[in-house]
Amino acid sequence: MKYVLYLGFLALLISCNDGDLSIETIDFDSVDPQTCESTVTTESTIFFKINDDEALILTLQSGILNNEVSEGEIESTVPGQSQLVYRIFSDQVSNDYFCDAVPPIEPMVTEEIVAESGSVFVSTIAVDTVTFEHTIRLDNISFITGTDERITDLSVNEFGIVTTSSQ
């Protein structure tokens, strides 16, 4: 009888699967957004955040950055109007990967996950008569991996602040 119980317990232990979820959190809050342009303009649409061997790439809806104070937040849906992509690389990545005319071969992208739902909110304040700060906030972003698993504990609510000038 002990042998049967031992086999039953062993079968139960072997059959448990943690789902092989390799991504537990996405945390870019302490990283500032970057762009390949020398100065951010209202025409800028691609921003990225790099955290060692990970990157979060935001492609904003055209025209969402305006050099005028917004009344509240302007919403852009993901993936309909804006797009958010999370990439994992084989090694540490730099902004050269995004900004060079021909991206370097290394590091390689080992996993790319496109956000399947959520919203991007942009609010704009005037710093002075020609400078504007745009706060970019993410809300209800949902990443689904290639194995249909949702990434949990998303810490990507505050994308960051970018500054534009009307001169």
Side-chain angles (χ1 to χ4, degrees), residues 22-23 25-125 127 131-166:
S22 60
I23 305 165
T25 62
I26 295 178
D27 187 0
F28 287 86
D29 284 346
S30 62
V31 182
D32 292 328
Q34 302 177 49
T35 186
C36 294
E37 302 164 9
S38 57
T39 55
V40 178
T41 69
T42 57
E43 301 299 315
S44 301
T45 57
I46 299 177
F47 298 93
F48 54 90
K49 295 176 97 172
I50 299 172
N51 190 2
D52 195 30
D53 65 343
E54 302 172 299
L56 193 62
I57 305 130
L58 175 63
T59 305
L60 283 177
Q61 168 184 349
S62 179
I64 199 166
L65 298 181
N66 290 309
N67 283 339
E68 56 187 48
V69 176
S70 63
E71 293 183 25
E73 295 178 309
I74 300 168
E75 182 179 7
S76 178
T77 60
V78 173
Q81 299 166 318
S82 293
Q83 187 175 46
L84 187 66
V85 177
Y86 172 64
R87 284 186 187 161
I88 301 174
F89 294 88
S90 60
D91 200 358
Q92 191 169 4
V93 67
S94 71
N95 65 349
D96 293 342
Y97 177 86
F98 297 99
C99 298
D100 285 352
V102 177
I105 296 173
E106 293 288 330
M108 295 182 356
V109 176
T110 59
E111 188 162 4
E112 178 174 287
I113 306 168
V114 178
E116 294 196 359
S117 65
S119 296
V120 176
F121 291 97
V122 177
S123 60
T124 304
I125 61 168
V127 175
T131 308
F132 297 86
E133 276 188 357
H134 311 276
T135 301
I136 303 171
R137 188 173 65 82
L138 307 175
D139 188 46
N140 291 323
I141 299 296
S142 181
F143 289 100
I144 307 294
T145 67
T147 57
D148 291 331
E149 295 188 45
R150 183 179 183 280
I151 298 176
T152 58
D153 188 23
L154 298 179
S155 297
V156 293
N157 295 328
E158 300 299 325
F159 191 80
I161 297 173
V162 296
T163 304
T164 59
S165 176
S166 60

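Owing to the predicted nature of the structure, the values given are computational and were not obtained by experimental measurement.
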Residue pair Val120 / Ile136, side-chain heavy-atom distance below 4.5 Å
yes
Which value, rounded to the nearest 0.5 Å, describes the distance between Thr45 atom OG1 and Glu37 atom CD?
7.5 Å
Contacts of Glu116 that satisfy side-chain hydrogen bond (donor to acceptor under 3.5 Å, both in side chains) - sequence neighbours left out
none
For Thr124 versus Ser70, what's the shortest heavy-atom pair and its separation?
N-OG, 2.8 Å
Please confirm whether the backbone N or O of Thr164 pairs with a side-chain atom of Thr39, one donor and one acceptor, at under 3.5 Å?
no
Candidate list Leu84, Val78, Asn157, test side-chain contact (heavy atoms from CB on, under 4.5 Å), partner Leu138, passing option:
Leu84
Rounded to the nearest 0.5 angstrom, the CG-CZ distance for Leu60 and Phe159 is 7.5 Å
Shortest non-hydrogen contact between Gln61 and Ser76, atoms and distance:
OE1-OG, 2.9 Å
Is there a donor-acceptor contact under 3.5 Å from the side chain of Gln81 to the main chain of Thr77?
yes
Which atoms form the tightest heavy-atom contact between Pro104 and Asp96, and what is the distance?
CD-O, 4.0 Å
Evaluate Phe47 against Val40 for side-chain contact (heavy atoms from CB on, under 4.5 Å), listing each step before the verdict.
CA-CA 10 Å; Phe47 298 93; Val40 178; 4.0 Å; yes
Return the orientation label for the Phe48 and Phe98 ring planes: parallel under 30°, perpendicular over 60°, tilted otherwise.
parallel
Student check: side-chain heavy atoms of Val114 and Val85 closer than 4.5 Å:
yes
Non-hydrogen atoms of Phe28 and Asn51 that approach each other most closely
CE2-CB, 3.5 Å
Which atoms form the tightest heavy-atom contact between Ala115 and Ile141, and what is the distance?
CB-CG2, 3.9 Å
Does atom CD of Glu106 have more than 12 heavy-atom neighbours, drawn from other residues, nucleotides or ligands, at distances under 6.0 Å?
yes
Quick one: pull up CD1 in Ile57 and CD in Gln34 and give me the separation to the nearest 0.5 Å.
11.5 Å
Could you tell me the separation between the OG1 atom of Thr131 and the CD1 atom of Ile125, rounded to the nearest 0.5 Å?
11.0 Å
Are Asn67 and Thr42 close enough, and set up right, to give a side-chain hydrogen bond (donor to acceptor under 3.5 Å, both in side chains), and what steps lead you there?
CA-CA 7 Å; Asn67 283 339; Thr42 57; 5.0 Å; no
Euclidean distance, Glu75 CD relative to Asp139 CG, rounded to 0.5 Å
8.0 Å
Of all heavy-atom pairs between Glu73 and Ser123, which one has the smallest distance, and what is that distance?
CG-CB, 4.0 Å
Hey, are the side chains of Phe89 and Ile50 touching, using non-hydrogen atoms and a 4.5 Å cut-off?
no
CA sep, side-chain torsions, deciding dist, call: Arg137, Glu158, side-chain contact (heavy atoms from CB on, under 4.5 Å)
CA-CA 5 Å; Arg137 188 173 65 82; Glu158 300 299 325; 3.7 Å; yes
Atom pair CD/OG1 of Glu133 and Thr135 - distance to nearest 0.5 Å
6.5 Å
